[in-house]
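Within every chain, numbering begins at 1; the chains are lettered A, B, ... in the order of the sequence lines, protein sequences first and strands thereafter.
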Amino acid sequence: MSTTGSSNPEYVNARVRARRAALFSDDEYRKLVRMTPSEIARYMEESEYEREINELGSRHSGVDLIEYSLNRNLAKHFNDLLGFSEGRMYDLIARYLRKFDAWNVKTIMRGVYSGADRESIETDLIRAGEFDESFLDRLLEASTIEDVITSLDGTIFGDPLEAALEDFEETDVLVPLENAVDRTFYEELLADLPSSEAIDLYREFLEAEIDFRNARNALRLARSGADIDPAEYFIEGGRLFNARELEGLVQSPDQLVSTIRDSSYGRELSGPLDELEDADSLIAFERALESVLLKYSRRLGNVYPLSICPVVAYILMKEREVENIRAIARGREAGLSEAEIEGELVIL
Amino acid sequence: MAEDVKPTRKNLMAIEDRIELSERGHDTLEQKRDGLIMEFMDILDQAQDVREDLNANYETAQRKLDMARAMEGDVAVRGAAAALHDHPEITTQSKNIMGVVVPQIESSKVKKSLDERGYGLLGSSARIDEAADAYEELLETIILAAEVETAMKKMLTEIETTKRRVNALEFKLLPDLYENQEYIEQKLEEQEREEIFRMKKIKAKKEEQEAEEREAEAESAVEATVTSD
């Protein structure tokens, strides 16, 4: 599809509503939590995931089969979204789904960097973004990081990666390249967004996502004690922090928590923030952020049913479904109790 | 066997020298064994603590990894691991504890800060950080456990060897030497007694001979006197 021409939000949203109705319900999650991994695979075979389970059944088994089937199904649905959207709608959806392009670029760079063979890199790709099969094949043929970056010339990741290449060559670690890819994805989300009531609210949602990403990264750094320049991890575009403020807040985690508490997110995050002050782990807080973001997207979707908002809400819900099923299967495989697994799920 | 030894004074002296040397060796080895046992008990306590830590750290690390694989996906965890640049390294040296050479393992690049792990901060999560932290902690404990348990095993082998040597001296070599010493001493005393007896016999025979000679001389003197008369 193309970014030019008229947009078709009504059609896209009608299709999205049908797909949203097919997502697993709370009751189905409760059923899955009591199953073994092979029972989960069997259950999936009789659901929405039938085709992927059958296609991948000869190559993978156990929880790997479940995980790869989930990824492939996710990719299929998101490619469909790009397929039936047009004009501005396509542009907005594609921007959001470029997170999978970013994932694929990082996966290929990590594979090349660690000397993995082409087949194992290919298995780990999630073909849900804008890059088509032939472009991904070209990237997979690259034998060095420089080749990967050269092949990305002309995409949104090309120039930022070129700029980060020098850092990579100096340090020989992937951090500058991976950060460049992720930062580009987030910054492109907000670049040149048109103005309308629905888009303005959508912008607020994206800003919240960036704020949450900055907040969790700042908390991770504050807890790890690593001395990293904020410019390396800060994403522009959020409302809550700027790079300089964040640098100071990383040195003082209590101040960072009170800044989040005093912000517009404070009311919804007050419970997780209270727990965070006594907890050794950030995991519960990250889960709370994901849950708040998911609720936010759903609320936006209900306010503007014929905009990009319900589509993004669906994307997040589908991702959450994939993550929940994977968590249940891996949790069962690792012998976690039902209560422990239910505690890890984000269900609205 | 005592009967195999020639009961000579030279052999007795040689055996006495060996007894003295063996007794000294026995005392020294006994002291070494006791010292090794004391050192071993210290290392054993340490090894027990390290083993407990190892089990606890393994449980924690495996749980964190399971959680990271569950919530982030196996692919994301593998990807983060593939980004690692500086792999942990170990160097081994040795130190001497009471004559036992035990390894001293130094590790580097095991514990890493967030920026040294190779994966980008923006696209990863605290679950991966915590799994990596827990595995780094586990790796450090494994290295310490390898050092302590190897030292413990080497000490145990040395204690066994020393104990066998002490026992061999105490229950085999020294009793044999004492037996030989006693045998030679008895034989020499017997030889001495036989010699004395023989000398006495010779002396008595000589005295008898002399008496006979004197008697014969007296008789011949008497005969000469009678003839002259």
Participant: Examine whether an atom of Arg223(A) lies under 4.5 Å from a heavy atom of chain B, and if so say whether it belongs to the side chain, the backbone or both; otherwise answer neither.
Facilitator: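 It is neither, since no heavy atom gets under 4.5 Å.
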Participant: So what's closer than 4.5 Å to chain B heavy atoms on Thr107(A): side chain, backbone, both or neither?
Facilitator: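 When you check distances to chain B, no heavy atom of Thr107(A) falls under 4.5 Å.
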Participant: Between the side chain of Asp124(A) and the main-chain N/O of Val75(B), is any donor-acceptor distance below 3.5 Å?
Facilitator: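 Such a contact is absent between Asp124(A) side chain and Val75(B) backbone.
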Participant: Hey, is NZ on Lys153(B) packed in by over 12 heavy atoms from elsewhere, all under 6.0 Å?
Facilitator: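 Open: at most 12 neighbouring heavy atoms sit under 6.0 Å from NZ of Lys153(B).
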Participant: Which atoms form the tightest heavy-atom contact between Ala126(B) and Leu282(A), and what is the distance?
Facilitator: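 Minimum heavy-atom contact is CB-CB, 3.7 Å.
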Participant: Sub-3.5 Å donor-acceptor pair from the side chain of Arg213(A) to the main-chain atoms of Leu122(B), do we have one?
Facilitator: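 Such a contact is found between Arg213(A) side chain and Leu122(B) backbone.
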Participant: Is it the side chain or the backbone of Glu290(A) that comes within 4.5 Å of chain B heavy atoms, both, or neither?
Facilitator: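 Contact with chain B is through the side chain of Glu290(A) alone.
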Participant: Tell me, for Ala76(B) versus chain A, whether the close heavy atoms (under 4.5 Å) come from the side chain, the backbone, both or neither.
Facilitator: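 For Ala76(B), heavy atoms of backbone and side chain both lie under 4.5 Å from chain A.
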Participant: Between Ala81(B), Gly73(B), Ser113(B), which shows the greatest number of heavy-atom pairs under 4.5 Å with chain A?
Facilitator: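 Most heavy-atom pairs under 4.5 Å with chain A: Gly73(B).
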Participant: Side chain, backbone, both or neither: which part of Glu323(A) has a non-hydrogen atom closer than 4.5 Å to chain B?
Facilitator: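 Both backbone and side chain.
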Participant: Would you mind reporting whether Arg110(A) and Tyr119(B) have side-chain heavy atoms less than 4.5 Å apart?
Facilitator: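 In short, these two side chains touch, coming nearer than 4.5 Å.
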Participant: So for Ile235(A), is it side chain, backbone, both, or neither that comes closer than 4.5 Å to the heavy atoms of chain B?
Facilitator: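 The answer is the side chain of Ile235(A).
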Participant: Carefully, step by step, assess Arg127(B) and Arg287(A) under the rule side-chain contact (heavy atoms from CB on, under 4.5 Å).
Facilitator: CA-CA 10 Å; Arg127(B) 286 191 185 91; Arg287(A) 204 167 45 238; 4.1 Å; yes
Participant: Of all the heavy-atom pairs spanning Asp182(A) and Gly123(B), show the shortest one and how long it is.
Facilitator: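 What the structure gives for the nearest pair is OD2-N, 3.1 Å.
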Participant: Surrounding NZ of Lys187(B) (heavy atoms of other residues, nucleotides or ligands, distance under 6.0 Å), is the total greater than 12?
Facilitator: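 No - once you tally the heavy atoms of other residues, nucleotides and ligands closer than 6.0 Å, there are 12 at most.
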Participant: Side chain, backbone, both or neither: which part of Asn214(A) has a non-hydrogen atom closer than 4.5 Å to chain B?
Facilitator: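 Asn214(A) has no heavy atom closer than 4.5 Å to chain B.
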Participant: Chain B heavy atoms under 4.5 Å from Lys99(A): which part of the residue, side chain, backbone, both or neither?
Facilitator: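 Neither; nothing under 4.5 Å.
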Participant: Could you tell me which portion of Gln62(B) (side chain, backbone, both or neither) has an atom closer than 4.5 angstrom to a non-hydrogen atom of chain A?
Facilitator: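 The answer is neither part of Gln62(B).
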Participant: Can you name the closest pair of heavy atoms from Ala83(B) and Glu178(A) and give their distance?
Facilitator: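 Here Ala83(B) and Glu178(A) meet closest at CB-OE2, 4.1 Å.
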Participant: I need the minimum non-hydrogen distance between Ala70(B) and Gly331(A), along with the two atoms involved.
Facilitator: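 Result for this residue pair: CB-N, 4.2 Å.
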Participant: When rounded to the nearest 0.5 angstrom, what is the spacing between CD in Glu286(A) and CE in Met71(B)?
Facilitator: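 Answer for the CD-CE pair, Glu286(A) versus Met71(B), is 10.5 Å.
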Participant: Going by distance alone, is a donor N or O of one side chain under 3.5 Å from an acceptor N or O of the other, for Ser124(B) and Arg220(A)?
Facilitator: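 Yes, side-chain donor-acceptor contact under 3.5 Å.
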Participant: Glu67(A) versus chain B, heavy atoms under 4.5 Å apart: side chain, backbone, both or neither?
Facilitator: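 Side chain only.
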Participant: Identify the two heavy atoms, one from Ser114(A) and one from Ala82(B), that lie closest to each other, and give their separation to 0.1 Å.
Facilitator: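 Result for this residue pair: CB-O, 3.5 Å.
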Participant: Is Tyr29(A) atom OH crowded by more than 12 heavy atoms from other residues, nucleotides or ligands, each under 6.0 Å away?
Facilitator: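 Correct, the count exceeds 12.
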Participant: Answer yes or no: is there a side-chain heavy-atom contact under 4.5 Å between Asn179(A) and Leu121(B)?
Facilitator: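 A side-chain contact exists here, since the closest heavy-atom pair is under 4.5 Å.
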Participant: Chain B heavy atoms under 4.5 Å from Phe285(A): which part of the residue, side chain, backbone, both or neither?
Facilitator: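 Neither part.
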Participant: Using modelled atom types and a 3.5 Å cut-off, is there a donor and acceptor pairing between side-chain atoms of Glu130(B) and backbone atoms of Ser281(A)?
Facilitator: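 No, the answer is negative, given that no donor and acceptor are paired below the 3.5 Å cut-off.
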Participant: Report, as yes or no, whether the 6.0 Å neighbourhood of atom CZ on Arg18(B) holds more than 12 heavy atoms from other residues, nucleotides or ligands.
Facilitator: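 Open: at most 12 neighbouring heavy atoms sit under 6.0 Å from CZ of Arg18(B).
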Participant: For Lys112(B), look at atom NZ and say whether over 12 heavy atoms of other residues, nucleotides or ligands are found less than 6.0 Å away.
Facilitator: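 Yes - once you tally the heavy atoms of other residues, nucleotides and ligands closer than 6.0 Å, there are more than 12.
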Participant: Could you tell me which portion of Tyr113(A) (side chain, backbone, both or neither) has an atom closer than 4.5 angstrom to a non-hydrogen atom of chain B?
Facilitator: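 Only the side chain of Tyr113(A) comes within 4.5 Å of chain B.
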Participant: Checking heavy atoms, do the side chain of Arg117(B), its backbone, both or neither come under 4.5 Å from chain A?
Facilitator: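 When you check distances to chain A, no heavy atom of Arg117(B) falls under 4.5 Å.
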Participant: Other residues, nucleotides and ligands only: do more than 12 of their heavy atoms fall within 6.0 Å of CD on Glu59(B)?
Facilitator: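 No.
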Participant: Of the backbone (N, CA, C, O) and the side chain (C-beta and beyond), which part of Asp74(B) lies under 4.5 Å from a heavy atom of chain A, both, or neither?
Facilitator: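 When you check distances to chain A, atoms from both the backbone and side chain of Asp74(B) fall under 4.5 Å.
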Participant: For Leu65(B), which atoms come within 4.5 Å of any heavy atom of chain A: side chain, backbone, both, or neither?
Facilitator: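 For Leu65(B), there is no contact with chain A at all, as no heavy atom is under 4.5 Å.
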Participant: Given the rule in the side-chain contact (heavy atoms from CB on, under 4.5 Å) test, do Leu174(A) and His85(B) qualify, once you have shown the distances and angles that lead to the verdict?
Facilitator: CA-CA 8 Å; Leu174(A) 288 175; His85(B) 176 252; over 6 Å; no
